[in-house]
Each structure stands twice: as C-alpha cells, then as structure tokens.
Amino acid sequence: MKLVTSLTSPFGRKARIVLLEKKIPFQLQVENPWLPDSTVPTFNPLGKVPVLVLEDGVSVFDSRVIVEYLDHVSPVGHLIPNEPKSRMVVRGVEALADGVTDAAVLVFMEKKRAPEQQSSDWLVLQEKAMFRGLEALAEALGEKPWYLGNSMTLADVACGCMLGYLDFRFSEIEWRSAHPNLARLAAKLATRASFVETVPIL
Ligand code: GSF
C-alpha cells in the first residue's frame, strides 16, 4: 500500500506512525496538497492528505478512516481497543486532538494571508478552540502514564502529533509549562522510532 501525504501534515504523521508501530510495509508518496497542480485530488476529491492507496487502487481517507482500517488489517500492536467504552475514550481523545490540530491549521493558514485579508475574529475563535482543547487534553490525561491503560493507544499518538505540530508551527506557544503532564507524554513519545522518523520537516 501507498501513503500519499506531505511531510508537514500532522494527520499524515498520525497515519505514518500507525503504519510504523504496526510494522505494516508501505510506500511513501510525498505530495504538497496546496500546489495548484497537486495530484492529491486524483486520490481524494477533497484534495486533502493523507490518503492511503490500497493494492487494488482503492483510496482511503481521512486519517481517522485510515487508522481504523490499519488497526483492523494487522493484529500487531492494536492501538484501538475493542471494548466499547475504552474505544469511545480513545477515539474521543483522538477527536479532541485532531480538533485542536484542525484549529491550529486554520490559524496557520489565516496568518499566511496578507495582513489586511486576515480576520482577527476568526483567529480569536480558532485560538480559543486550540487552548480549550489543550486544557481538555491535559485534564483527560491527568497523572496517568497514557490516556488509557498501561500502553500507548491511538489517543496518545493523536495527542503527540498535535503537540508536534504546535512545536513545528507555533513554537511561541508555551504548552509545556502550561501543561507539564502533556510535556511528559510528548517526551516519552519522542523516544519512539515511529515519532523520531516522522518529525515534521519543510
Ligand atoms: C484533515 C486533513 C487535512 O486537513 C484528516 O485526514 O484527518 N480530517 C482530515 N489535511 C491538510 C494538510 S494538513 O495541514 O494536515 C490538507 O490536505 N489540506 C489541503 C487543503 O486544501 O485543505
């Protein structure tokens, strides 16, 4: 299978980490979805990355559908629990982390516009969502080693990708001092080969 993504996408990073953690062989096709002649719309009508392209040519998106598929397709190191309540908790944290990432991507894109075209109301709305989301993610983790149980799940992976994106695009945000428990989680994740190999690069 082939993963189409940019090397900066936090959602692409989530999919790559799941592929690496589950030891699923894959080919990486690096694409920039923002270029006018991007080939991404040939894989995904929405023009977004990541897209997983299966051997039979079927395209799978978005990242939540990709990781669900990958977790089912290989029994190695399950990242999404089966038990309904645990599954809901893990996918709920993923939704929260992805939501913070979505808001951060919107802020980043808005700030790339000419200053006179930027909407400060829109920026404030998205920044509030980012900071409320961070608070909620810190609260959900508390003093636990992982979001659920005694090993890493997709919840930790999604949160780690979001925090890595903040470091990459918003180095001025001091989330480590505001949320030492998230800093501890990020430091632990940063020791894993899957996280090291996928650090966002321009
Ligand atoms: C979000 C993908 C996305 O925003 C998912 O896969 O989970 N809900 C989707 N991808 C961005 C790149 S990024 O910043 O991760 C993207 O492809 N943007 C292109 C565009 O035209 O919006």
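Keep in mind the model is a prediction, meaning the values are calculated, not measured. We count ligands from 1, going down the list as the structure has it; atoms in each ligand are counted the same way.
Within a 6.0 Å sphere centred on CD of Gln117, other residues, nucleotides and ligands contribute more than 12 heavy atoms. Applying the 6.0 Å contact sphere to CD of Glu174 captures no more than 12 heavy atoms from other residues, nucleotides or ligands.
Between the side chains of Arg13 and Thr198, a donor-acceptor pair is found at a separation under 3.5 Å. Side-chain atoms of Glu31 and Thr39 form a donor-acceptor pair, as typed in the model, at a separation below 3.5 Å.
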Worksheet entry | Test side-chain contact (heavy atoms from CB on, under 4.5 Å) applied to Ile80 and Thr153, step by step | CA-CA 6 Å; Ile80 305 175; Thr153 66; over 6 Å; no
Worksheet entry | side-chain contact (heavy atoms from CB on, under 4.5 Å) between Val67 and Glu94, worked out | CA-CA 11 Å; Val67 297; Glu94 181 195 18; 3.7 Å; yes
Check each N or O atom of ligand 1 against all protein N or O atoms and list the pairs under 3.5 Å, with atom names and distances to 0.1 Å, one per line.
| unit_1 | atom_1 | unit_2 | atom_2 | d |
| --- | --- | --- | --- | --- |
| ligand 1 | 6 (O) | Ser63 | N | 2.9 |
| ligand 1 | 7 (O) | Ser63 | N | 3.4 |
| ligand 1 | 7 (O) | Ser63 | OG | 2.6 |
| ligand 1 | 8 (N) | Asp62 | OD2 | 3.0 |
| ligand 1 | 10 (N) | Val49 | O | 2.9 |
| ligand 1 | 15 (O) | Ser9 | OG | 2.6 |
| ligand 1 | 17 (O) | Val49 | N | 2.8 |

